[in-house]
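Below: the structure, in C-alpha cells.
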Amino acid sequence: QVQLVESGGGLVQAGGSLRLSCAASGSSFSINAIGWYRQAPGKQRELVAAISSGGSTNYADSVKGRFTISRDNAKRSVYLQMNSLEPEDTAVYYCNADGVYSRHGIMSAVEYWGQGTQVTVSS
C-alpha cells in the first residue's frame with residue numbers, strides 16, 4: 001500500500017505562517033518528483049511548488065519569495081513553508097508524488113495524491 005499523508009493546515013491571519021508536511025508510506029514506491037497543488041473554490045487546481053529528485057524547484061509566480069519547498073528523502077517527506085500568507089492563499093492543498101512502484105517483479109510508473117489539507121487565511 002502507498003499513502004500520502006498531509007498535515008499542517010489550519011486557520012491563520014493574513015501575514016502569518018504555516019508549514020505543511022507530507023509523508024509517503026510504502027517501501028515499494030520510489031519517489032521521483034513531489035510537490036504541492038492547491039484548489040480554491042471555483043478555481044482550477046494549480047501547481048504551487050514542486051521539487052525533483054535532484055533538488056531542483058519550481059514555484060507558482062504568486063508564491064515566489066513567500067513559500068519554500070523542501071524534501072527529506074530519508075524520511076520520504078516533503079514540506080512547504082508558507083510565510084506572509086494572504087487571503088488569496090486560501091485553498092485545499094494537496095500533496096502529489098510520482099515515481100515507480102515495484103511489485104512481483106513488475107515496475108510501474110505511478111502517481112499518488114494525498115487527501116488534501118485546508119488552509120484558510122483570514123483578513
Side-chain angles (χ1 to χ4, degrees):
Q1 297 185 37
V2 176
Q3 284 189 319
L4 299 180
V5 181
E6 303 113 325
S7 63
L11 174 64
V12 65
Q13 291 185 321
S17 298
L18 286 173
R19 185 173 187 259
L20 304 184
S21 299
C22 173
S25 65
S27 61
S28 297
F29 178 51
S30 298
I31 302 172
N32 290 327
I34 190 167
W36 293 92
Y37 289 72
R38 69 184 181 188
Q39 187 167 24
K43 300 181 68 176
Q44 293 184 316
R45 186 173 298 186
E46 64 175 348
L47 175 68
V48 178
I51 185 167
S52 71
S53 60
S56 62
T57 59
N58 186 44
Y59 296 93
D61 289 340
S62 60
V63 307
K64 287 181 179 178
R66 299 188 298 120
F67 292 7
T68 302
I69 189 170
S70 61
R71 67 188 293 175
D72 186 330
N73 291 332
K75 295 182 179 180
R76 296 169 59 81
S77 299
V78 63
Y79 310 95
L80 185 67
Q81 179 65 47
M82 304 185 294
N83 298 326
S84 301
L85 283 163
E86 305 168 350
E88 292 74 20
D89 296 316
T90 295
V92 177
Y93 285 69
Y94 298 90
C95 180
N96 172 265
D98 66 75
V100 178
Y101 184 79
S102 298
R103 188 169 181 267
H104 301 309
I106 300 175
M107 300 178 66
S108 303
V110 293
E111 182 180 56
Y112 292 100
W113 290 90
Q115 291 288 87
T117 184
Q118 177 71 47
V119 172
T120 302
V121 184
S122 63
S123 300

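Both backbone and side-chain heavy atoms feed into the values below; hydrogens, waters and symmetry mates do not.
The structure places CG of Asn83 at 9.5 Å from CG of Leu18, a figure rounded to the nearest 0.5 Å.
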Worksheet item: Given the rule in the side chain to side chain contact (heavy atoms under 4.5 Å, CB included) test, do Leu20 and Glu6 qualify, once you have shown the distances and angles that lead to the verdict?
Response: CA-CA 7 Å; Leu20 304 184; Glu6 303 113 325; over 6 Å; no

Fill in: Trp113 and Tyr37: CA distance, side-chain angles, deciding distance, ring pair (Phe, Tyr, Trp, His ring centres under 6.0 Å) verdict
CA-CA 10 Å; Trp113 290 90; Tyr37 289 72; 5.1 Å; yes

Item to complete: Decide yes or no on side chain to side chain contact (heavy atoms under 4.5 Å, CB included) for Arg45 and Tyr94, but give the supporting numbers first.
Response: CA-CA 9 Å; Arg45 186 173 298 186; Tyr94 298 90; 3.4 Å; yes

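Closest heavy-atom contact between Cys95 and Val78: SG-CG1, 3.9 Å. Contact between Leu85 and Arg66 at its shortest, heavy atoms only, is CA-NH1, 3.9 Å. Across all their heavy atoms, Thr90 and Ala40 have their closest contact at O-CB, 3.6 Å. Minimum interatomic distance between Ile31 and Ala24 (heavy atoms only, all atoms of both residues): CD1-CB, 3.6 Å. Of all heavy-atom pairs spanning Val63 and Val48, the tightest one is CG2-O, 3.7 Å.
Under the ring-ring contact (aromatic ring centres under 6.0 Å, His included) criterion, Tyr112 pairs with Phe29, sequence neighbours left out.
Counting only distance, with no hydrogens or angles, the side chain of Asn73 and the backbone of Arg76 share no donor-acceptor pair below 3.5 Å.
Both the sub-6.0 Å distance and the 45° axial angle are not jointly satisfied by Arg71 relative to the ring of Tyr79.
Residue-environment remark: CD (Glu86) exceeds the threshold of 12 foreign heavy atoms within 6.0 Å.
The side chain to side chain donor-acceptor pair (under 3.5 Å) analysis of residues 51-63, with sequence neighbours excluded, yields the pairs Arg38-Ser62, Ser52-Ser56, Asp61-Lys64.
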